[in-house]
Every structure is written in C-alpha cells, then in structure tokens.
Amino acid sequence: MQKNLIDVDSSINSGQVFLWKKFDELWYGINGQNILKIDKFGEINSKVGNDDDFLRKTDNIKKILDSISKDKTIREAIKKYPGLRILRQDPFQCMISFIVSSNSNIQKIKLNLENISEKFGEKTCFEKKNFYLFPKPKKLANATVKEIRECGVGYRAEFIKECAQMINSKEIDFDSLRKTSYEQAKNEIMKISGIGNKVADCILLFSLEKLEAFPLDRWMIRILEKYYSNEFKLETKTITEKQYQIIHEKILNHFGGYAGYAQQFLFKMERENYQKRWL
DNA sequence: CCAAGGCCTGAATG
DNA sequence: ACATTCAGGCCTT
C-alpha cells in the first residue's frame with residue numbers, strides 16, 4: 001500500500017519546519033541539538049545517533065487517517081498527499097520558530113531562524129557539511145534584546161528572550177507539558193508573551209504530542225470559509241479568543257482527537273493550490 | 001466580550 | 001523612484 005509510505009518532501013515542505021536544506025536527494029535539517037539526514041524513503045541518520053522518531057513512524061497512521069476521514073474535502077486532501085506527516089520537533093526550537101512566525105512569512109521566518117542559529121548556535125560538522133545547531137535556551141536567555149534583534153526578528157526579540165528565560169529557569173518545563181492535558185499545556189505556554197492561540201497550537205501539535213491541537217491561522221480560516229462554511233461558521237469579523245475556542249470545539253467534534261493531522265492535510269492542499277513557496 | 005490600532009521587516013504592489 | 005500594503009499574530013487600549 002502506497003498509503004503507508006512517508007512523503008518526506010511534502011512533510012518537510014508543509015510549513016512545519018524551517019531549518020531544512022536539500023542536497024542531492026537528501027534532506028538535512030536542524031532539530032534542536034541534533035542534525036538529521038533523511039533520504040526519500042524516510043531513512044534517518046542523525047548526529048547524536050537518535051532521531052526521537054522525528055517522522056512519527058510509531059503512529060498508527062492508517063488508523064489516524066481513517067479516523068479523520070469525515071468528509072469529502074479532507075478525504076481529497078489525504079488522497080492528494082497520502083504520505084504527509086506531522087513531524088516531531090524539538091520543543092524549544094519549535095517554540096522560538098513559531099514566535100518568530102507571527103505576522104511573517106515563510107521566507108522571512110527561515111532567514112530569521114538561520115540568523116539566530118548562526119549567531120547563537122554551536123557550529124558543528126555532520127557528514128562533512130557544516131551546520132549550526134539551534135541555540136540552547138540558556139544562550140538566548142542571556143543574550144541581549146539588541147543582539148537578538150540583529151537577527152531581523154524586530155519586536156519579537158523581547159518575546160524570544162523572555163521565552164528562553166522561562167524555559168531556562170524551568171518555570172515552563174517541556175516534559176511536564178508533554179504529560180499534561182492539551183488545555184493545561186496550552187494555558188501554560190500562553191503565559192509567554194508572543195504566544196497566542198495560533199502559535200500555541202503549532203507548538204503543541206508539532207512538538208508536545210497534542211494531536212488534537214488545530215492551529216487556526218489566516219489560511220485555515222479561509223479554508224473553513226471555503227469548504228466548511230456550513231459547519232464552522234464565524235460569528236465575528238476577527239477571531240477573538242472566544243471564537244477560537246468555539247471553532248476548535250466544533251473541529252474536535254467533527255474530526256476527533258487527531259484533528260491536528262486533518263489541519264495539516266487541509267493546509268498543505270490549499271497552499272499547493274495557490275502554489276505558495278515553501279523552503 | 002469585541003473592535004481597532006500598532007508593531008519590525010522585506011517583498012510585492014500601485 | 002516612492003508610498004502603501006501585506007504576510008501563516010499578538011498585545012494593549
């Protein structure tokens with residue numbers, strides 16, 4: 001069955017990760033303090049000898065896809081990109097990535113994150129190529145806002161520093177966030193300024209094992225209006241906190257506990273329809 | 001509880 | 001050329 005094969009290209013090019021490059025048919029990427037190399041069959045080599053199941057091969061993908069296949073639109077999206085997967089990212093890198101992403105675009109996010117890695121991350125060699133690891137929390141916690149700002153992140157520099165401090169001090173702890181519920185984890189990370197509803201959901205879905213998270217960005221709102229105008233109608237012009245929660249509840253009722261996977265398929269399909277550039 | 005405005009920045013639009 | 005808008009939001013008023 002084709003359906004169980006992982007489509008590495010599609011998965012990396014779906015707005016989840018930013019520090020990835022392709023050399024000949026191989027993808028190289030930064031994941032926290034690790035470097036990963038993935039071939040087109042989904043075989044991974046890593047610098048530290050462990051990839052933490054980056055491609056989520058242990059997920060029962062057949063069961064998941066089956067469970068979210070609730071309507072024609074999502075079934076079409078899955079059919080189009082059957083090998084698309086959620087990637088299990090390093091939480092700190094993921095957190096900073098999506099703080100940087102707000103009010104921005106993929107090209108710029110990528111540039112900003114590369115700058116951050118080069119400036120604050122450790123230079124390292126993997127398979128005769130040079131990389132910069134993602135900086136550790138402590139490094140960014142101790143950096144000045146000015147230094148961070150020089151990476152081109154603008155007003156987000158203060159958010160980044162504050163976030164790094166909270167992670168470094170263990171005021172917010174990834175291991176406990178992984179164990180606790182979606183709601184509780186979301187409340188916790190939204191204490192960090194720069195992390196609102198959408199950014200929080202990205203972090204939870206991509207790095208903290210909360211597959212019911214369903215990030216609602218401009219694109220997803222457009223998608224819902226276009227394909228799901230009957231079931232998920234917006235009550236207000238702007239997405240307020242309250243509205244966000246109401247929609248998410250409806251989404252969960254519709255797609256179930258793996259709604260985050262559904263989000264990824266819908267997002268990928270629509271972005272490709274509009275031929276948006278990825279990495 | 002909702003609406004409006006401001007915010008770094010670079011590319012795209014007029 | 002130069003001004004304005006916009007891009008995968010968030011925070012404050």
Side-chain angles (χ1 to χ4, degrees), chain A residues 10-20 77 81 84 86-87 89 93-116 119 143-163 166 186-207 213-227 233-249 251 259-279:
Chain A
S10 290
S11 302
I12 288 176
N13 280 316
S14 65
Q16 300 182 62
V17 292
F18 306 96
L19 293 174
W20 285 76
Y81 303 96
L84 177 63
I86 302 275
L87 306 172
Q89 300 183 42
Q93 180 175 337
C94 187
M95 208 168 226
I96 300 298
S97 298
F98 285 95
I99 287 176
V100 166
S101 81
S102 87
N103 204 18
S104 187
N105 56 67
I106 290 185
Q107 309 307 320
K108 186 162 168 274
I109 299 163
K110 185 179 177 232
L111 182 67
N112 292 163
L113 292 172
E114 283 169 354
N115 290 340
I116 288 173
K119 186 159 184 153
T144 66
V145 172
K146 184 169 173 288
E147 286 171 324
I148 299 173
R149 196 178 259 262
E150 281 163 5
C151 299
V153 297
Y155 61 88
R156 304 169 193 82
E158 296 180 53
F159 300 156
I160 292 170
K161 183 174 166 72
E162 187 203 328
C163 173
M166 288 175 83
K186 188 164 180 176
N187 281 337
E188 275 298 302
I189 62 175
M190 281 180 67
K191 286 178 190 164
I192 302 172
S193 47
I195 300 184
N197 266 302
K198 186 269 174 180
V199 170
D201 276 333
C202 287
I203 297 164
L204 294 168
L205 176 60
F206 300 142
S207 72
F214 194 103
L216 287 169
D217 55 18
R218 278 183 159 85
W219 281 89
M220 276 312 305
I221 295 296
R222 266 178 242 163
I223 291 167
L224 297 186
E225 281 170 353
K226 184 169 169 185
Y227 301 103
K233 211 174 167 194
L234 281 171
E235 312 267 337
T236 55
K237 199 95 184 166
T238 55
I239 323 156
T240 60
E241 175 98 24
K242 192 74 190 164
Q243 282 301 306
Y244 195 104
Q245 280 179 16
I246 290 171
I247 296 176
H248 184 242
E249 220 164 287
I251 296 267
Y261 264 97
Q263 184 269 355
Q264 204 58 31
F265 283 96
L266 294 172
F267 185 70
K268 173 74 178 175
M269 176 180 73
E270 198 66 357
R271 295 274 303 191
E272 292 289 347
N273 283 346
Y274 283 82
Q275 303 189 330
K276 300 302 281 186
R277 285 181 55 207
W278 302 101
L279 297 183

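Chain letters run A, B, ... following the sequence lines, proteins first, then strands; residues in each count from 1.
Here the separation of C:dG8 from B:dT13, taken at their P atoms, is 13 Å to the nearest Å. Here the separation of B:dG6 from C:dT5, taken at their P atoms, is 12 Å to the nearest Å. Nucleotides C:dT13 and B:dC1 place their C1' atoms 14 Å apart, quoted to the nearest Å. With C1' as the reference atom, C:dC11 and B:dG10 are 23 Å apart, rounded to whole Å. Nucleotides B:dG5 and C:dC6 have their P atoms positioned 14 Å apart, rounded to a whole Å.
Atom-to-atom, OH of A:Tyr155 to P of C:dA7 comes out at 14 Å; the value is rounded to the nearest Å. Residue A:Ile221 contributes atom CD1, which lies 12 Å from atom P of C:dC10 at whole-angstrom precision. In this structure, A:Leu216 places its CG atom 11 Å from P of C:dG9, rounding to the nearest Å. The CD1 atom of A:Ile96 sits 16 Å away from the C1' atom of C:dG9 (whole-angstrom rounding). Nucleotide C:dG8 holds its P atom 17 Å from the CZ atom of A:Phe214, rounded to whole Å. Atom CD1 of A:Ile106 is separated from atom P of C:dA7 by 13 Å (rounded to the nearest Å). Put simply, CD1 on A:Ile239 is 9 Å from P on C:dG9, counting in whole angstrom units. A:Lys198 places its NZ atom 7 Å from the P atom of C:dC10, with the value rounded to the nearest Å.
When the side chain to side chain contact (heavy atoms under 4.5 Å, CB included) test is applied to A:Asn197, the partners found at least two apart in sequence or on another chain are A:Lys186, A:Met190, A:Glu241, A:Tyr244. Partners of A:Lys161 according to the salt bridge (Lys or Arg N to Asp or Glu O under 4.0 Å) rule, which considers only residues two or more places apart in sequence or in another chain, do not exist here. Judged as a side chain to side chain contact (heavy atoms under 4.5 Å, CB included), and not counting sequence neighbours, the contacts of A:Glu188 are A:Ile172, A:Leu177, A:Lys191. Residues satisfying the salt bridge (Lys or Arg N to Asp or Glu O under 4.0 Å) test with A:Glu150, not counting sequence neighbours, are A:Lys119, A:Lys146. In terms of the salt bridge (Lys or Arg N to Asp or Glu O under 4.0 Å) criterion, A:Lys242 has no residue partners (sequence neighbours excluded). Partners of A:Lys108 under the salt bridge (Lys or Arg N to Asp or Glu O under 4.0 Å) rule, at least two apart in sequence or in another chain, do not exist in this structure. A search for side chain to side chain contact (heavy atoms under 4.5 Å, CB included) contacts involving A:Ala259 returns A:Phe214, A:Ile251, A:Leu252, A:Phe255, not counting sequence neighbours. In this view, A:Ser97 and A:Phe18, A:Gln93, A:Leu113 satisfy the side chain to side chain contact (heavy atoms under 4.5 Å, CB included) rule, not counting sequence neighbours.
A:Tyr227 and A:Glu270 form a side-chain donor-acceptor contact under 3.5 Å, judged by distance and modelled atom types alone. For the residue pair A:Trp278/A:Gln107, the side-chain donor-acceptor check at 3.5 Å is not satisfied. In the model, A:Ser193 has a side-chain atom that pairs as donor or acceptor with a side-chain atom of A:Glu162 under 3.5 Å.
If you take CD1 on A:Ile96 and CD1 on A:Ile203, they are separated by 8.5 Å, rounding to the nearest 0.5 Å.
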(message) Give the dot-bracket line for DNA chain B from 5' end to 3' end: parentheses for intra-strand Watson-Crick or G-U pairs under 3.5 Å, square brackets for crossings, | for inter-strand pairing, dots for unpaired.
(response) ..|||||.||||||
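A donor-acceptor pair under 3.5 Å is absent between the side-chain atoms of A:Gln89 and the main chain of A:Cys94, judged by distance alone.
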Report, one pair per line, the protein and nucleotides 9-14 of chain B atoms (nitrogen or oxygen only) whose separation is under 3.5 Å.
none

Contact list (N/O, under 3.5 angstrom) for nucleotides 11-13 of chain C vs protein:
| residue | atom | partner | partner atom | Å |
| --- | --- | --- | --- | --- |
| C:dC11 | OP1 | A:Gly194 | N | 3.0 |

Just the table, please: protein N/O against nucleotides 1-5 of chain B N/O, every pair under 3.5 Å.
| residue | atom | partner | partner atom | Å |
| --- | --- | --- | --- | --- |
| B:dC2 | OP2 | A:Thr240 | OG1 | 3.0 |
| B:dA3 | OP2 | A:Thr238 | OG1 | 3.3 |

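Across all strands, A:Asn112 comes closer than 4.0 Å to no nucleic acid atom at all (heavy-atom distances).
Using cut-offs of 30° and 60° on the angle between ring planes, the pair A:Phe98 and A:Phe206 is tilted.
The two atoms that bring A:Ser14 and A:Ser11 nearest to each other are OG-O, 2.8 Å, heavy atoms only.
Under 3.5 Å, the side chain of A:Tyr244 and the base of C:dG9 form no donor-acceptor pair of N or O atoms.
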